[in-house]
Amino acid sequence: MTSAGPGDAHSPRTRTGGVPLVPGGFTWPGCVECAGPMQFIAQIVLEDLAPDEESELGGTMLSVFMCQNDPGMCADWDATSGGNEAMLFPAADLSVAIVPEDGVTTLGVTYKIDYATVAADGYDDAREEWAESSGRPIEEVLGQLGGAPEWIQNDETPTCGTCGKPMTFVAQFEEGPDHQYSINFGSGCGYAFACGTCRDAAFCWQS
Ligand SMILES: [Zn+2]
Ligand SMILES: [Zn+2]
């Protein structure tokens, strides 16, 4: 995933930042630790990853939130702490969420995403290869869709809370090219997972 520049904050496509598209009855997630509203980080149209209609993840949208009301205090890096929230929505009939008035709820910039396929030995190599061959800054790589997670620490693949199986890796995120508006992964990376069978998702970050 590479930056296609600042984009529409209400776009129905895969993006980082902006305002999430959500189904009817959606409630903006709150942090278990501080009770404040979480910050919306990114949404991924799973069709981009699994165009096959037979896929259990086809026809869904993954949406990631994490608490930034008191950075470092709410265990927002942990997949099970309640300091972040990942949701899997049916991708049809979504509308722009109503953003809570208080708290740190959105990022300062929305990035449109382009996809580039790079023949490389893993994600880190692919990032470097892309920057070299495109002549663009490596910070313009926003992450990877599918593939295998490039863990900074130990493998923390979450298990599904419903069926108990390891979740499917969906995407790895970078903090973004503009430090003023970047996502706060402690200079690390974020990792999003889903269980297509149970229609659930999980998120963690490492640095
Ligand atoms: Zn919090
Ligand atoms: Zn499951």
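Please read all numbers here as calculations on a predicted model, not as lab measurements. Residue numbers count from 1 along this sequence. Atoms within a ligand are numbered from 1 in the order they appear, just like the ligands themselves.
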Is the Phe173 to Trp205 ring centre distance short of 6.0 Å? no
Parallel, tilted or perpendicular for Tyr191 and Phe169, by the 30°/60° rule? tilted
Test of geometry: compute the angle SG(Cys163)-the Zn ion (ligand 2)-SG(Cys198) and round it to 10°. 110°
Between Ala202 and Met167, which heavy-atom pair has the shortest distance, and what is it? CB-SD, 3.6 Å
How open is the angle at the Zn ion (ligand 1) from atom SG of Cys34 over to atom SG of Cys31, rounded to 10 degrees? 110°
Rounded to 10°, how big is the angle at the Zn ion (ligand 1) from Cys74 SG to Cys67 SG? 120°
ring-ring contact (aromatic ring centres under 6.0 Å, His included) for Phe185 and Trp77? Distances and angles first, verdict last. CA-CA 8 Å; Phe185 297 143; Trp77 56 86; over 10 Å; no
